[in-house]
2 protein chains.
Amino acid sequence: MTLRADARRNRARILEAAEKVLVERGTTVSTEEIARAAGVGIGTLFRHFPTKEELIQGVFVGRLHRLADDAFRLAESSDPGKALTSFLRQAVAQGEVKNALAAMLTSAGVDLHEAAGEAQQEVRRALGTLLHSAQETGAVRRDLEVADLIGLLAGTSRAIEYAGSDVTARDRILAVILDGLRPPDGQRTSNSSRE
Amino acid sequence: MTLRADARRNRARILEAAEKVLVERGTTVSTEEIARAAGVGIGTLFRHFPTKEELIQGVFVGRLHRLADDAFRLAESSDPGKALTSFLRQAVAQGEVKNALAAMLTSAGVDLHEAAGEAQQEVRRALGTLLHSAQETGAVRRDLEVADLIGLLAGTSRAIEYAGSDVTARDRILAVILDGLRPPDGQRTSNSSRE
DNA sequence: GTTAAATAGGAGCCCTCACTCCGCTTCCGA
DNA sequence: TCGGAAGCGGAGTGAGGGCTCCTATTTAAC
(Lines give C-alpha, C1' and ligand atoms only; values in the text may rest on other atoms or scores of the structure.)
Protein backbone atom coordinates (compact mmCIF):
# COMPACT_ATOMS: atom_id res chain seq x y z
CA MET A 1 0.00 0.00 0.00
CA THR A 2 3.03 2.25 0.07
CA LEU A 3 2.78 4.57 -2.85
CA ARG A 4 5.77 5.73 -4.77
CA ALA A 5 6.84 9.28 -4.01
CA ASP A 6 5.59 10.76 -7.28
CA ALA A 7 2.31 8.89 -6.94
CA ARG A 8 1.72 10.31 -3.49
CA ARG A 9 2.50 13.78 -4.73
CA ASN A 10 0.14 13.44 -7.64
CA ARG A 11 -2.65 12.09 -5.51
CA ALA A 12 -2.38 15.07 -3.22
CA ARG A 13 -2.32 17.50 -6.13
CA ILE A 14 -5.41 15.88 -7.62
CA LEU A 15 -7.36 16.14 -4.39
CA GLU A 16 -6.35 19.72 -3.90
CA ALA A 17 -7.19 20.76 -7.44
CA ALA A 18 -10.42 18.79 -7.39
CA GLU A 19 -11.60 20.53 -4.25
CA LYS A 20 -10.92 23.93 -5.72
CA VAL A 21 -12.50 23.25 -9.08
CA LEU A 22 -15.47 21.32 -7.75
CA VAL A 23 -16.34 24.07 -5.32
CA GLU A 24 -15.99 26.75 -7.94
CA ARG A 25 -17.92 25.12 -10.72
CA GLY A 26 -19.96 22.29 -9.28
CA THR A 27 -19.94 18.55 -9.82
CA THR A 28 -20.64 18.97 -13.47
CA VAL A 29 -17.07 19.90 -14.34
CA SER A 30 -15.39 17.32 -16.45
CA THR A 31 -12.74 15.07 -14.98
CA GLU A 32 -10.46 16.29 -17.73
CA GLU A 33 -10.69 19.80 -16.39
CA ILE A 34 -9.83 18.61 -12.91
CA ALA A 35 -6.86 16.72 -14.27
CA ARG A 36 -5.70 19.80 -16.12
CA ALA A 37 -6.03 21.94 -12.99
CA ALA A 38 -3.95 19.37 -11.14
CA GLY A 39 -1.32 19.35 -13.87
CA VAL A 40 -1.84 15.65 -14.41
CA GLY A 41 -3.00 13.40 -17.23
CA ILE A 42 -6.45 11.88 -17.25
CA GLY A 43 -4.97 8.44 -16.99
CA THR A 44 -3.28 9.39 -13.76
CA LEU A 45 -6.43 10.79 -12.29
CA PHE A 46 -8.36 7.63 -13.06
CA ARG A 47 -5.61 5.46 -11.64
CA HIS A 48 -5.97 7.17 -8.26
CA PHE A 49 -9.74 7.49 -8.33
CA PRO A 50 -11.26 4.83 -10.55
CA THR A 51 -14.50 6.75 -10.71
CA LYS A 52 -15.47 10.38 -10.72
CA GLU A 53 -17.75 9.62 -7.82
CA GLU A 54 -14.89 8.20 -5.77
CA LEU A 55 -12.89 11.33 -6.43
CA ILE A 56 -15.71 13.49 -5.16
CA GLN A 57 -16.07 11.30 -2.12
CA GLY A 58 -12.36 11.62 -1.47
CA VAL A 59 -12.63 15.38 -1.49
CA PHE A 60 -15.66 15.34 0.76
CA VAL A 61 -14.14 12.97 3.28
CA GLY A 62 -11.13 15.25 3.54
CA ARG A 63 -13.41 18.15 4.36
CA LEU A 64 -15.26 16.17 6.98
CA HIS A 65 -12.01 15.29 8.70
CA ARG A 66 -10.94 18.90 8.81
CA LEU A 67 -14.33 19.91 10.13
CA ALA A 68 -14.09 17.34 12.92
CA ASP A 69 -10.57 18.49 13.73
CA ASP A 70 -11.75 22.07 14.07
CA ALA A 71 -14.49 20.99 16.41
CA PHE A 72 -12.20 18.88 18.61
CA ARG A 73 -9.63 21.62 18.79
CA LEU A 74 -12.22 24.18 19.85
CA ALA A 75 -13.70 21.81 22.39
CA GLU A 76 -10.35 21.58 24.12
CA SER A 77 -9.10 25.12 23.89
CA SER A 78 -12.18 27.16 24.64
CA ASP A 79 -14.81 27.30 27.34
CA PRO A 80 -17.79 25.17 26.43
CA GLY A 81 -20.26 27.98 26.11
CA LYS A 82 -18.26 29.84 23.53
CA ALA A 83 -16.77 26.85 21.79
CA LEU A 84 -19.97 26.02 19.97
CA THR A 85 -20.68 29.53 18.80
CA SER A 86 -17.08 29.98 17.73
CA PHE A 87 -17.31 26.78 15.80
CA LEU A 88 -20.45 27.90 14.04
CA ARG A 89 -18.93 31.24 13.16
CA GLN A 90 -15.78 29.66 11.90
CA ALA A 91 -17.40 26.84 9.98
CA VAL A 92 -19.72 29.28 8.35
CA ALA A 93 -16.94 31.67 7.45
CA GLN A 94 -15.56 28.99 5.17
CA GLY A 95 -19.10 27.92 4.67
CA GLU A 96 -19.79 28.62 1.06
CA VAL A 97 -17.25 25.98 0.39
CA LYS A 98 -18.51 23.32 2.73
CA ASN A 99 -22.06 23.90 1.79
CA ALA A 100 -21.31 23.78 -1.87
CA LEU A 101 -19.76 20.40 -1.32
CA ALA A 102 -22.73 19.06 0.54
CA ALA A 103 -25.03 20.34 -2.16
CA MET A 104 -22.82 18.80 -4.77
CA LEU A 105 -22.93 15.45 -3.18
CA THR A 106 -26.63 15.27 -2.56
CA SER A 107 -27.36 16.50 -6.02
CA ALA A 108 -24.91 14.03 -7.48
CA GLY A 109 -26.89 11.26 -5.85
CA VAL A 110 -24.04 10.04 -3.72
CA ASP A 111 -25.24 8.32 -0.59
CA LEU A 112 -23.39 10.13 2.12
CA HIS A 113 -24.12 7.69 4.85
CA GLU A 114 -22.31 4.76 3.39
CA ALA A 115 -19.89 6.73 1.30
CA ALA A 116 -18.19 8.59 4.08
CA GLY A 117 -19.41 6.63 7.08
CA GLU A 118 -16.32 6.81 9.19
CA ALA A 119 -15.64 10.47 8.57
CA GLN A 120 -19.21 11.32 9.28
CA GLN A 121 -19.12 9.47 12.59
CA GLU A 122 -16.07 11.50 13.48
CA VAL A 123 -17.88 14.76 12.82
CA ARG A 124 -20.83 13.50 14.80
CA ARG A 125 -18.65 12.71 17.80
CA ALA A 126 -16.85 16.03 17.62
CA LEU A 127 -20.04 18.02 17.42
CA GLY A 128 -21.49 15.85 20.16
CA THR A 129 -18.86 16.84 22.70
CA LEU A 130 -19.19 20.46 21.65
CA LEU A 131 -22.94 20.41 22.00
CA HIS A 132 -23.17 18.49 25.24
CA SER A 133 -20.73 20.63 27.15
CA ALA A 134 -22.49 23.73 25.91
CA GLN A 135 -25.75 22.29 27.11
CA GLU A 136 -24.35 21.49 30.52
CA THR A 137 -23.33 25.06 31.13
CA GLY A 138 -26.80 26.14 30.10
CA ALA A 139 -25.64 28.06 27.07
CA VAL A 140 -27.63 25.97 24.65
CA ARG A 141 -31.14 24.58 24.82
CA ARG A 142 -31.23 21.07 26.15
CA ASP A 143 -33.65 19.52 23.70
CA LEU A 144 -31.26 19.83 20.77
CA GLU A 145 -29.62 16.70 19.42
CA VAL A 146 -26.46 16.31 17.43
CA ALA A 147 -28.30 15.56 14.24
CA ASP A 148 -30.28 18.78 14.65
CA LEU A 149 -27.05 20.68 15.04
CA ILE A 150 -25.65 19.22 11.84
CA GLY A 151 -28.79 20.19 10.02
CA LEU A 152 -28.61 23.67 11.44
CA LEU A 153 -25.00 23.92 10.40
CA ALA A 154 -25.85 23.06 6.83
CA GLY A 155 -28.83 25.36 6.90
CA THR A 156 -26.89 28.28 8.30
CA SER A 157 -24.28 27.75 5.68
CA ARG A 158 -26.86 27.93 2.97
CA ALA A 159 -28.64 30.90 4.49
CA ILE A 160 -25.41 32.78 4.54
CA GLU A 161 -24.72 31.98 0.95
CA TYR A 162 -27.65 34.21 0.15
CA ALA A 163 -26.01 37.07 1.98
CA GLY A 164 -23.20 36.99 -0.54
CA SER A 165 -20.41 39.30 0.44
CA ASP A 166 -22.64 41.46 2.64
CA VAL A 167 -20.96 41.05 6.00
CA THR A 168 -23.65 42.79 8.00
CA ALA A 169 -26.28 40.50 6.51
CA ARG A 170 -24.16 37.54 7.49
CA ASP A 171 -24.04 38.79 11.03
CA ARG A 172 -27.78 39.31 11.22
CA ILE A 173 -28.44 35.79 10.02
CA LEU A 174 -25.90 34.33 12.38
CA ALA A 175 -27.46 36.29 15.22
CA VAL A 176 -30.82 34.68 14.52
CA ILE A 177 -29.34 31.22 14.67
CA LEU A 178 -27.19 31.83 17.73
CA ASP A 179 -30.09 33.38 19.63
CA GLY A 180 -32.27 30.50 18.64
CA LEU A 181 -29.77 28.04 20.05
CA ARG A 182 -30.01 29.55 23.51
CA PRO A 183 -32.46 28.07 26.00
CA PRO A 184 -35.92 29.58 25.73
CA ASP A 185 -37.09 32.06 28.37
CA GLY A 186 -37.48 30.64 31.82
CA GLN A 187 -35.02 27.84 31.27
CA ARG A 188 -31.83 29.82 31.60
CA THR A 189 -29.27 29.44 34.31
CA SER A 190 -26.93 32.15 35.44
CA ASN A 191 -24.30 30.75 33.13
CA SER A 192 -26.23 31.34 29.99
CA SER A 193 -25.20 34.93 29.49
CA ARG A 194 -25.11 36.11 25.94
CA GLU A 195 -21.72 35.97 24.43
CA MET B 1 -50.00 34.65 -28.13
CA THR B 2 -53.14 32.56 -27.95
CA LEU B 3 -52.07 28.94 -28.05
CA ARG B 4 -54.14 26.27 -29.61
CA ALA B 5 -56.08 24.16 -27.13
CA ASP B 6 -53.87 21.09 -27.43
CA ALA B 7 -50.75 23.22 -27.17
CA ARG B 8 -51.93 24.80 -23.94
CA ARG B 9 -52.79 21.40 -22.52
CA ASN B 10 -49.40 19.97 -23.44
CA ARG B 11 -47.53 22.92 -22.04
CA ALA B 12 -49.25 22.48 -18.71
CA ARG B 13 -48.58 18.76 -18.67
CA ILE B 14 -44.92 19.34 -19.42
CA LEU B 15 -44.52 21.83 -16.60
CA GLU B 16 -46.28 19.56 -14.17
CA ALA B 17 -44.28 16.49 -15.09
CA ALA B 18 -41.03 18.45 -15.17
CA GLU B 19 -41.58 19.73 -11.68
CA LYS B 20 -42.20 16.25 -10.36
CA VAL B 21 -39.30 14.61 -12.14
CA LEU B 22 -36.81 17.40 -11.55
CA VAL B 23 -37.53 17.45 -7.84
CA GLU B 24 -37.27 13.71 -7.56
CA ARG B 25 -34.11 13.20 -9.56
CA GLY B 26 -32.33 16.49 -9.93
CA THR B 27 -31.46 18.63 -12.92
CA THR B 28 -29.43 15.87 -14.44
CA VAL B 29 -32.47 13.98 -15.69
CA SER B 30 -32.67 13.88 -19.43
CA THR B 31 -35.22 15.95 -21.26
CA GLU B 32 -36.36 12.75 -22.87
CA GLU B 33 -37.33 11.38 -19.50
CA ILE B 34 -39.29 14.51 -18.71
CA ALA B 35 -41.05 14.27 -22.04
CA ARG B 36 -41.92 10.66 -21.35
CA ALA B 37 -43.28 11.52 -17.90
CA ALA B 38 -45.42 14.20 -19.51
CA GLY B 39 -46.67 11.77 -22.13
CA VAL B 40 -45.33 13.96 -24.91
CA GLY B 41 -42.73 13.71 -27.67
CA ILE B 42 -39.35 15.36 -27.35
CA GLY B 43 -40.13 17.60 -30.24
CA THR B 44 -43.13 18.95 -28.42
CA LEU B 45 -41.15 19.63 -25.32
CA PHE B 46 -38.56 21.57 -27.22
CA ARG B 47 -41.16 23.57 -29.05
CA HIS B 48 -42.54 24.87 -25.77
CA PHE B 49 -39.19 25.29 -24.06
CA PRO B 50 -36.42 25.76 -26.62
CA THR B 51 -33.82 24.93 -24.02
CA LYS B 52 -33.62 22.65 -21.06
CA GLU B 53 -32.60 25.65 -19.02
CA GLU B 54 -35.71 27.56 -20.01
CA LEU B 55 -37.84 24.62 -18.95
CA ILE B 56 -36.22 24.58 -15.55
CA GLN B 57 -36.71 28.30 -15.24
CA GLY B 58 -40.35 27.87 -16.15
CA VAL B 59 -40.81 25.37 -13.34
CA PHE B 60 -38.99 27.56 -10.88
CA VAL B 61 -40.93 30.68 -11.75
CA GLY B 62 -44.14 28.77 -11.17
CA ARG B 63 -42.96 27.83 -7.72
CA LEU B 64 -41.99 31.37 -6.90
CA HIS B 65 -45.43 32.60 -7.86
CA ARG B 66 -47.11 30.07 -5.64
CA LEU B 67 -44.78 30.98 -2.81
CA ALA B 68 -45.64 34.65 -3.17
CA ASP B 69 -49.33 33.81 -3.29
CA ASP B 70 -49.08 31.87 -0.06
CA ALA B 71 -47.36 34.79 1.59
CA PHE B 72 -49.90 37.35 0.39
CA ARG B 73 -52.81 35.19 1.44
CA LEU B 74 -51.39 34.71 4.92
CA ALA B 75 -50.64 38.38 5.25
CA GLU B 76 -54.30 39.17 4.73
CA SER B 77 -55.98 36.39 6.62
CA SER B 78 -53.91 36.13 9.75
CA ASP B 79 -52.67 38.47 12.43
CA PRO B 80 -49.21 39.80 11.60
CA GLY B 81 -47.39 38.13 14.45
CA LYS B 82 -48.50 34.66 13.50
CA ALA B 83 -48.58 35.15 9.78
CA LEU B 84 -44.83 35.00 9.43
CA THR B 85 -44.36 31.93 11.58
CA SER B 86 -47.25 30.20 9.87
CA PHE B 87 -45.68 30.99 6.55
CA LEU B 88 -42.36 29.56 7.63
CA ARG B 89 -43.98 26.40 8.92
CA GLN B 90 -46.00 25.97 5.81
CA ALA B 91 -43.26 26.79 3.36
CA VAL B 92 -40.97 24.42 5.11
CA ALA B 93 -43.52 21.65 5.21
CA GLN B 94 -43.36 21.53 1.43
CA GLY B 95 -39.80 22.58 1.75
CA GLU B 96 -37.84 19.64 0.54
CA VAL B 97 -39.37 20.37 -2.77
CA LYS B 98 -38.74 24.08 -2.88
CA ASN B 99 -35.28 23.72 -1.55
CA ALA B 100 -34.44 21.01 -3.99
CA LEU B 101 -35.39 23.35 -6.75
CA ALA B 102 -33.24 26.15 -5.49
CA ALA B 103 -30.33 23.78 -5.14
CA MET B 104 -30.91 22.52 -8.61
CA LEU B 105 -30.87 25.93 -10.09
CA THR B 106 -27.81 27.22 -8.37
CA SER B 107 -25.95 24.04 -9.14
CA ALA B 108 -27.09 24.19 -12.72
CA GLY B 109 -25.47 27.58 -13.01
CA VAL B 110 -28.66 29.39 -13.79
CA ASP B 111 -28.53 33.01 -12.77
CA LEU B 112 -31.64 33.39 -10.69
CA HIS B 113 -31.59 37.12 -10.59
CA GLU B 114 -32.03 37.72 -14.25
CA ALA B 115 -33.77 34.47 -15.00
CA ALA B 116 -36.78 34.94 -12.81
CA GLY B 117 -36.51 38.61 -12.02
CA GLU B 118 -40.16 39.46 -11.93
CA ALA B 119 -41.23 36.43 -9.94
CA GLN B 120 -38.46 37.03 -7.49
CA GLN B 121 -39.54 40.61 -6.98
CA GLU B 122 -43.02 39.36 -6.25
CA VAL B 123 -41.74 37.03 -3.55
CA ARG B 124 -39.68 39.83 -2.16
CA ARG B 125 -42.68 42.12 -1.90
CA ALA B 126 -44.83 39.43 -0.33
CA LEU B 127 -42.25 38.53 2.27
CA GLY B 128 -41.65 42.23 2.84
CA THR B 129 -45.22 42.90 3.93
CA LEU B 130 -45.19 39.80 6.08
CA LEU B 131 -41.94 40.77 7.74
CA HIS B 132 -42.69 44.42 8.29
CA SER B 133 -46.04 43.92 9.94
CA ALA B 134 -44.54 41.27 12.17
CA GLN B 135 -41.83 43.70 13.12
CA GLU B 136 -44.32 46.44 13.92
CA THR B 137 -46.15 44.28 16.41
CA GLY B 138 -42.82 43.46 17.98
CA ALA B 139 -43.01 39.79 17.19
CA VAL B 140 -39.86 39.81 15.12
CA ARG B 141 -36.50 41.52 15.65
CA ARG B 142 -36.33 44.84 13.92
CA ASP B 143 -32.88 44.55 12.38
CA LEU B 144 -33.91 41.80 9.97
CA GLU B 145 -34.24 42.62 6.31
CA VAL B 146 -36.19 40.88 3.62
CA ALA B 147 -33.10 39.42 2.02
CA ASP B 148 -32.10 37.92 5.36
CA LEU B 149 -35.49 36.34 5.66
CA ILE B 150 -35.19 34.76 2.24
CA GLY B 151 -31.81 33.37 3.18
CA LEU B 152 -33.19 32.03 6.40
CA LEU B 153 -36.07 30.45 4.54
CA ALA B 154 -33.71 28.61 2.25
CA GLY B 155 -31.49 27.68 5.16
CA THR B 156 -34.33 26.37 7.26
CA SER B 157 -35.53 24.37 4.35
CA ARG B 158 -32.15 22.77 3.98
CA ALA B 159 -31.71 22.21 7.69
CA ILE B 160 -34.99 20.39 7.78
CA GLU B 161 -34.01 18.22 4.89
CA TYR B 162 -31.47 16.68 7.21
CA ALA B 163 -34.19 15.79 9.66
CA GLY B 164 -35.68 13.52 7.05
CA SER B 165 -39.02 12.15 8.15
CA ASP B 166 -38.30 12.68 11.85
CA VAL B 167 -41.08 15.08 12.75
CA THR B 168 -39.79 15.84 16.23
CA ALA B 169 -36.42 16.81 14.80
CA ARG B 170 -38.17 19.10 12.37
CA ASP B 171 -39.96 20.75 15.23
CA ARG B 172 -36.77 21.25 17.20
CA ILE B 173 -35.04 22.86 14.25
CA LEU B 174 -38.01 25.07 13.53
CA ALA B 175 -38.10 26.09 17.17
CA VAL B 176 -34.50 27.28 16.96
CA ILE B 177 -35.26 29.44 13.95
CA LEU B 178 -38.53 30.82 15.27
CA ASP B 179 -36.98 31.69 18.62
CA GLY B 180 -34.09 33.32 16.85
CA LEU B 181 -36.44 35.51 14.89
CA ARG B 182 -37.93 37.05 18.03
CA PRO B 183 -36.46 40.27 19.34
CA PRO B 184 -33.52 39.71 21.68
CA ASP B 185 -33.98 40.19 25.43
CA GLY B 186 -34.76 43.70 26.49
CA GLN B 187 -36.23 44.69 23.16
CA ARG B 188 -39.56 43.03 23.54
CA THR B 189 -42.89 44.76 23.77
CA SER B 190 -45.96 43.35 25.43
CA ASN B 191 -47.14 42.19 22.04
CA SER B 192 -44.30 39.84 21.46
CA SER B 193 -45.72 36.94 23.35
CA ARG B 194 -44.60 33.55 22.15
CA GLU B 195 -47.00 31.91 19.87
C1' DG C 1 -66.55 19.44 -45.07
C1' DT C 2 -62.44 21.59 -46.55
C1' DT C 3 -58.21 23.63 -45.97
C1' DA C 4 -54.33 26.03 -44.26
C1' DA C 5 -51.90 26.83 -40.38
C1' DA C 6 -50.39 25.24 -36.15
C1' DT C 7 -48.75 21.42 -33.48
C1' DA C 8 -47.05 16.66 -32.42
C1' DG C 9 -43.60 13.24 -32.61
C1' DG C 10 -39.39 10.84 -32.94
C1' DA C 11 -35.34 9.24 -35.73
C1' DG C 12 -30.98 11.02 -35.95
C1' DC C 13 -27.01 14.50 -35.63
C1' DC C 14 -23.30 15.99 -33.09
C1' DC C 15 -20.89 16.94 -29.17
C1' DT C 16 -19.43 16.12 -24.55
C1' DC C 17 -17.78 13.23 -21.09
C1' DA C 18 -16.49 9.23 -18.21
C1' DC C 19 -13.44 5.80 -18.71
C1' DT C 20 -9.78 2.37 -21.19
C1' DC C 21 -5.49 0.88 -23.13
C1' DC C 22 -0.94 0.73 -23.91
C1' DG C 23 3.59 2.62 -25.10
C1' DC C 24 6.67 5.60 -22.54
C1' DT C 25 8.87 7.49 -18.32
C1' DT C 26 10.26 7.62 -13.59
C1' DC C 27 11.47 5.69 -9.36
C1' DC C 28 14.18 2.90 -6.27
C1' DG C 29 16.26 -1.36 -4.29
C1' DA C 30 20.29 -4.08 -4.97
C1' DT D 1 24.38 1.62 -12.27
C1' DC D 2 20.81 -0.82 -13.90
C1' DG D 3 16.66 -3.60 -14.29
C1' DG D 4 12.11 -4.18 -13.46
C1' DA D 5 8.17 -2.61 -11.27
C1' DA D 6 5.27 1.17 -10.55
C1' DG D 7 3.38 5.09 -12.37
C1' DC D 8 2.29 8.46 -16.21
C1' DG D 9 -0.16 10.43 -20.16
C1' DG D 10 -3.39 11.10 -23.68
C1' DA D 11 -5.47 9.40 -28.03
C1' DG D 12 -9.40 6.76 -28.57
C1' DT D 13 -14.02 4.42 -27.46
C1' DG D 14 -18.72 4.04 -26.39
C1' DA D 15 -22.69 5.84 -24.33
C1' DG D 16 -25.75 9.38 -23.39
C1' DG D 17 -27.97 13.61 -23.93
C1' DG D 18 -29.40 18.19 -25.90
C1' DC D 19 -31.39 19.69 -29.79
C1' DT D 20 -33.00 19.68 -35.03
C1' DC D 21 -35.84 18.67 -38.84
C1' DC D 22 -39.18 16.88 -41.43
C1' DT D 23 -43.49 14.20 -41.92
C1' DA D 24 -47.95 13.04 -40.02
C1' DT D 25 -51.68 14.70 -37.36
C1' DT D 26 -54.82 17.87 -35.23
C1' DT D 27 -57.21 22.19 -34.79
C1' DA D 28 -60.43 25.63 -35.99
C1' DA D 29 -61.98 29.26 -39.25
C1' DC D 30 -65.06 29.53 -43.18
Side-chain angles (χ1 to χ4, degrees), chain A residues 1-60 101 104-111 115, chain B residues 1-60 101 104-111 115:
Chain A
M1 184 56 217
T2 333
L3 286 171
R4 236 168 62 177
D6 52 347
R8 234 187 350 263
R9 198 168 41 238
N10 274 335
R11 194 188 154 87
R13 285 170 70 184
I14 290 171
L15 275 175
E16 192 179 351
E19 179 159 345
K20 185 168 183 299
V21 173
L22 284 173
V23 165
E24 276 171 2
R25 333 229 330 223
T27 18
T28 51
V29 285
S30 62
T31 48
E32 197 174 332
E33 197 158 345
I34 295 177
R36 205 182 308 134
V40 145
I42 322 174
T44 304
L45 189 150
F46 274 97
R47 169 183 327 286
H48 288 286
F49 303 93
T51 281
K52 188 184 182 185
E53 194 172 309
E54 285 182 57
L55 170 59
I56 296 177
Q57 283 180 18
V59 171
F60 190 65
L101 272 162
M104 273 166 27
L105 280 163
T106 53
S107 76
V110 177
D111 186 338
Chain B
M1 184 56 216
T2 330
L3 288 171
R4 234 169 61 177
D6 53 346
R8 231 183 358 259
R9 198 167 43 234
N10 275 335
R11 195 188 154 90
R13 285 169 71 184
I14 290 171
L15 275 175
E16 192 180 352
E19 180 159 343
K20 186 167 183 297
V21 174
L22 284 172
V23 165
E24 275 171 4
R25 333 228 332 220
T27 16
T28 50
V29 285
S30 62
T31 48
E32 197 175 331
E33 198 157 345
I34 295 176
R36 206 181 310 132
V40 146
I42 322 175
T44 304
L45 190 151
F46 275 97
R47 168 186 328 285
H48 287 285
F49 303 94
T51 281
K52 188 184 180 183
E53 193 171 309
E54 286 182 56
L55 170 59
I56 295 176
Q57 283 180 18
V59 171
F60 190 63
L101 272 163
M104 274 165 27
L105 279 162
T106 53
S107 76
V110 177
D111 187 337

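A, B, ... follow the sequence lines: proteins, then strands. Residue 1 opens every chain. Everything numeric here is computed off the predicted structure, so don't read it as measured data.
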To the nearest angstrom, the CZ-P distance between Arg11(A) and dC8(D) comes to 11 Å

Mind calculating the distance between CZ (Arg13(A)) and P (dG7(D)) to the nearest angstrom?
-> 16 Å

Decide if atom CD of Glu16(A) counts as having more than 12 heavy atoms of other residues, nucleotides or ligands within a radius under 6.0 Å.
-> no

Smallest separation among heavy atoms of Asn10(A) and His48(A), with atom names | CB-NE2, 4.2 Å

Shortest non-hydrogen contact from Arg25(B) toward Thr28(B) = O-OG1, 3.8 Å

Looking only at side-chain N and O atoms, does [X] come under 4.0 Å of OP1 or OP2 in [N]?
{"X": "Thr44(A)", "N": "dG7(D)", "answer": "no"}
{"X": "Asn10(A)", "N": "dG7(D)", "answer": "no"}
{"X": "His48(B)", "N": "dA8(C)", "answer": "yes"}

Atom NZ of Lys52(B) and atom CD1 of Ile34(B): how far apart are they, to the nearest 0.5 Å?
-> 6.5 Å

At what distance, to the nearest 0.5 angstrom, does OG1 of Thr31(B) lie from CD1 of Ile42(B)?
-> 6.5 Å

Can you list, by residue number, the residues of residues 33-41 of chain A that have a non-hydrogen atom closer than 4.0 angstrom to DNA chain C?
-> none

Hey, does Thr44(B) have a side-chain heavy atom less than 4.5 Å from the side chain of Arg47(B)?
-> no

Hey, does the side chain of Ser30(A) reach the backbone of Glu33(A) with a donor-acceptor pair shorter than 3.5 angstrom?
-> yes

Who are the side-chain hydrogen bond (donor to acceptor under 3.5 Å, both in side chains) partners of Arg36(B), not counting sequence neighbours?
-> none

Nucleotides 18-30 of chain D: protein proximity per nucleotide (B base, S sugar-phosphate only, - neither; heavy atom, under 4.0 Å) | SBB-----BSS--

